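Following: one structure in structure tokens, then a few remarks.
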Amino acid sequence: QVQLVESGGGLVQAGGSLRLSCASSIRTFSTRAMGWFRQAPGKEREFVARISRSGSSQYYADSVKGRFTIDRDNAKNTVYLQMNSLKPEDTAVYYCAAARVGFYSDLANEYDYWGQGTQVTVSS
């Protein structure tokens with residue numbers, strides 16, 4: 001049973017923008033914080049951004065702060081990641097994840113639903 005489906009990845013030149021979407025079929029979507037993570041080739045998965053259940057609070061990794069924006073639409077069961085001023089080092093597979101109920105964290109092991117990932121490639 002598919003729970004999270006990402007879309008919107010692709011190839012973009014440095015300085016460009018992409019908007020990732022993550023559609024959820026989790027019934028408890030609005031009760032969960034949501035996060036975006038990424039994994040570059042040969043590297044560990046890393047936290048990118050998270051958003052609270054209501055969307056009133058967001059938190060970002062230092063590497064993307066000021067360039068990326070996370071938001072959500074609970075009526076559509078969807079979370080987004082707007083990525084501006086993209087850099088080659090942003091190249092990775094991007095994953096959305098749903099946090100365990102009651103958690104709001106940067107730690108991957110506190111998320112219990114994961115999407116399949118979408119590739120983002122930034123050319124120099």
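Everything quoted here is computed from the prediction, not taken from an experiment.
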Considering non-hydrogen atoms only, spot the tightest contact between [X] and [Y] and give its length.
| X | Y | result |
| --- | --- | --- |
| S63 | R38 | OG-NH2, 3.5 Å |
| A92 | A40 | CB-N, 3.8 Å |
| P88 | S124 | CG-CB, 3.8 Å |
| A98 | L4 | N-CD1, 3.8 Å |

Per side chain to side chain contact (heavy atoms under 4.5 Å, CB included), R50 is matched among W36, F103, F37, Y111 by Y111
Paired with L81, the side chain to side chain contact (heavy atoms under 4.5 Å, CB included) test is passed by just one of V120, I51, T69, I70, namely I70
So, the side chain of [X] versus the backbone of [Y]: is there a donor-acceptor pair under 3.5 Å, distance only?
| X | Y | value |
| --- | --- | --- |
| R67 | S85 | yes |
| N74 | R53 | yes |
| T121 | L11 | no |
| T91 | V122 | yes |
| T78 | K76 | yes |

Would you mind reporting whether [Y] and [X] have side-chain heavy atoms less than 4.5 Å apart?
| X | Y | answer |
| --- | --- | --- |
| D106 | Y60 | no |
| R45 | W114 | yes |
| S57 | Y104 | yes |

Is there a side-chain contact (heavy atoms from CB on, under 4.5 Å) between Y95 and E6? Walk through the geometry before answering.
CA-CA 7 Å; Y95 300 90; E6 301 99 334; 4.0 Å; yes
Should V79 and F47 be regarded as members of a common hydrophobic cluster, given that ILVMFWY residues are connected when their side-chain heavy atoms come within less than 4.5 Å of each other, either directly or indirectly?
no
Tell me whether the NZ or CZ atom of R72 lies within the 45° cone about the ring axis of Y80 and under 6.0 Å from its centre.
no
Considering the options R32, R100, Q3, which one meets the side-chain hydrogen bond (donor to acceptor under 3.5 Å, both in side chains) requirement together with D112?
R32
So, taking the atom named OG in S25 and the one named CG in N77, what distance separates them when rounded to the nearest 0.5 Å?
8.5 Å
Output for pair (D73 CG, S30 OG), nearest 0.5 Å, gives 11.5 Å
Checking side-chain polar atoms at under 3.5 Å, does N84 have a donor or acceptor matched by the opposite partner on S17?
yes
Salt-bridge present (K65, D62; N to O < 4.0 Å)
yes
What do the steps show when you test V93 against T118 for side-chain contact (heavy atoms from CB on, under 4.5 Å), and what is the final call?
CA-CA 5 Å; V93 177; T118 186; 6.0 Å; no
For a side-chain contact (heavy atoms from CB on, under 4.5 Å) check, start with the C-alpha distance between Q82 and D71, then their side-chain angles and the critical distance, and finish with the verdict.
CA-CA 8 Å; Q82 177 67 43; D71 64 356; over 6 Å; no
